[in-house]
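Worth knowing before you read on, the calculation uses all heavy atoms, side chains too, and leaves out hydrogens, waters and symmetry mates. Below, chain A is the first sequence line, B the second, and so on; all start at residue 1.
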2 protein chains.
Amino acid sequence: MANIQQVAEKAGVSVATVSRVLNHAASVSTKTRLKVENAIKELNYEPSMLGRNLRNSESRLLLVLLPSISNPFYTEIINGIQNTAIANSYNILLCETDSNPQRENIYFNMIKNKLADGVISMDPAVNRQKLTEIAESYPVILCSEYDEGGSIPFVTIDSELAAYQAVKHLIRLGNKKIALINSDEKFLYARQRRSGYERALKEFGLPIREEWIFHTKDLEFHNGVQAIRVLLELEEKPTAVFAVSDTLAIGALKGINGSGLHVPNDLAIIGFDNISFSNMTNPTLTTVSQPMYKMGVTAANMLIMNIKGEQVESVVLDHDLIIRESTMG
Amino acid sequence: MANIQQVAEKAGVSVATVSRVLNHAASVSTKTRLKVENAIKELNYEPSMLGRNLRNSESRLLLVLLPSISNPFYTEIINGIQNTAIANSYNILLCETDSNPQRENIYFNMIKNKLADGVISMDPAVNRQKLTEIAESYPVILCSEYDEGGSIPFVTIDSELAAYQAVKHLIRLGNKKIALINSDEKFLYARQRRSGYERALKEFGLPIREEWIFHTKDLEFHNGVQAIRVLLELEEKPTAVFAVSDTLAIGALKGINGSGLHVPNDLAIIGFDNISFSNMTNPTLTTVSQPMYKMGVTAANMLIMNIKGEQVESVVLDHDLIIRESTMG
DNA sequence: CAGCAATTTGTAATCGATTACAAAATGATT
DNA sequence: AATCATTTTGTAATCGATTACAAATTGCTG
């Protein structure tokens, strides 16, 4: 691969002039510009990002941190981020952290080393301390999961309200025994959704029973299967389930189907996220829809503004309850 | 962020010595090494990848190109790639191309610009010409989808054989009218799976009927729903369906359930890929399992060998037919 | 055509690391 | 203590771009 020197030589000009042509600087005569452009074509030259970035301290690359690409929840968010980034001449790199601090570290170093200009983190398990430290010197935006009282700007929805509305919907359908399949409450969203669940129950004078609240380790299908298995073995079985993620709800649905019970007649079920699978299950799944594409767009816009040096404000977007067959008893 | 100069100054040595400490060069006395290490800690110094890469022409970053992260098929492959990469002190960056040549170009440039040391491409739609050109100068491995007669090393399975076996399984169950839901035959795997489908039919003296072969535009659920809708409206309906992807099969299953027919009693169905969701459907889905994790590991190992300058041979891995409820009539 | 302003081009420093080579320090031997 | 081999350290070039500043060229005016 040719470098700028060789282009300059071939075109019979200095490297400065070549650089000016590359960066569309005004002060280059048409004649020399053409000479340089021809030399570039002839040599098949492409400028090295390394040299350029080293000098400019800019890479026009954005990092997107996510715990796992296997959760379809992230798909649409990433589309939103990517389209927005491209529209602003940025590119994105997806970084799967597995919620592993060492892997996170690798990607944080890319920021420190100017290999990327900013980060959008969707990883709830990320090392908060470290991220906050990074955010003091480099542009960082949190997407979906955030830090209450923290200083890093975020985009999210009102999880507490969404959970409250979902559970209220179950109550209005006549359910009095409503279980919650929650994830680990170290996550803010898990605490918020539990809080919304409890608020709805209290408001209608229903008791909060600990044995109807199940905590899963992860958000995989099998965690949902396992959760419902435990719930269905209780003396007093719930008549409805609210799961904090569609993957859990789908696992639960599978478990219920397998046990011979019928959804929604014996047991109603609501998920969260509106992933594309949720419309493929039998019955289709009632769920809370987050504006995922918009979240991605918003996060990317915020990050780009932040990179430009502007201050940005956190944003809370609207959600929707999508009612499908799993609550149409 | 401190640079190597400041560290050298603080430690009272030259930049060369600092660099030697960083790279664990032998010829540094214990005394100076400690001085330097202290200075590094005090200044919280981290070496700049840019400076290092520019000089070394090495980034220790691997690019993984995939058309869309929404297809769960890639999840396990990526795990395999990532674990192997990390074990060899490489990191991976996921690049979603949307099968868009412009986006692909961006990532190809990262290779040319030494921002990454090699590529694993899982994008069947990728610009072959360009990729072959890149592969002449830079390490490239194809994973899953490959180029027949091309020069780029690949890891894959025997799609033709897998399809043949799947269809033979349907025939043995007594099916004589077997439909194929295929994707666009511009993809090699689609042509191979069709070929396996036809071989099985021929072997058992069954006719190949064009109206039982449906081509979808993409691999999304709704494409499967649409396909089965057309197939179920035929005068002479098939009694079994082989879909070249689980996502299509799951869409088809949804469509069949919706039409009042029963799987597998009225219609048996087989998918391809063994994505995690295929075990969550009702009924669970018979499918061809590719050794995805192993494919990822193999591809990453091949790429790393290639980067080291060694020649590598293409690999064909074994697959399995996983029999579940959707063919247990 | 001299004189001056405006435009265009070139020179050389710079970004942050690595490393060949030279120089200095250390240690061993007589 | 002088000599020489070995180990350790430093100097300066280098990777490929950008850009401040200087220098050269061009165009205009009287």
Which part of the nucleic acid does [X] contact within heavy-atom distance under 4.0 Å: base, sugar-phosphate only, or nothing?
X: Asn23(B); answer: sugar-phosphate
X: Ser29(B); answer: sugar-phosphate
X: Ser19(A); answer: base
X: Thr17(B); answer: sugar-phosphate
X: Ser57(B); answer: nothing
X: Ser48(A); answer: sugar-phosphate
X: Val18(A); answer: nothing

More 5' along DNA chain D: Arg33(B) or Leu54(B), using each one's nearest nucleotide?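 Final value for this comparison: Arg33(B).
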If we count only N and O atoms by modelled type, under 3.5 Å, do the side chains of Tyr189(A) and Thr156(A) hold a donor and an acceptor together?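 No pair is found: no donor N or O on one side chain lies under 3.5 Å from an acceptor on the other.
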Decide yes or no for [X] and [Y]: does some side-chain heavy atom of the first lie under 4.5 Å from some side-chain heavy atom of the second?
X: Leu54(B); Y: Arg55(A); value: no
X: Arg33(B); Y: Thr30(B); value: yes
X: Tyr45(B); Y: Ile4(B); value: yes
X: Ser68(A); Y: Glu96(A); value: yes
X: Tyr293(B); Y: Thr84(B); value: no

Can you list, by residue number, the residues of residues 107-115 of chain A that have a non-hydrogen atom closer than 4.0 angstrom to DNA chain D?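 Here the set is empty: none.
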Can you tell me which residue among Asn301(A), Thr298(A), Ile120(A) is in a side chain to side chain contact (heavy atoms under 4.5 Å, CB included) with Ile81(A)?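 The residue from Asn301(A), Thr298(A), Ile120(A) that satisfies side chain to side chain contact (heavy atoms under 4.5 Å, CB included) with Ile81(A) turns out to be Ile120(A).
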Among Ile152(B), Asp123(B), Val119(B), which residue meets the side chain to side chain contact (heavy atoms under 4.5 Å, CB included) test with Leu142(B)?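 It is Ile152(B); the other options fail the test.
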Between which nucleotides of DNA chain C, read 5' to 3', does contact with chain B run, using atoms under 4.0 Å from its heavy atoms?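 Extent of the interface on DNA chain C: dG16(C) to dA20(C).
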side-chain hydrogen bond (donor to acceptor under 3.5 Å, both in side chains) between Glu76(B) and Asn79(B): does it pass, once the steps are laid out? CA-CA 5 Å; Glu76(B) 271 302 292; Asn79(B) 276 335; 3.0 Å; yes
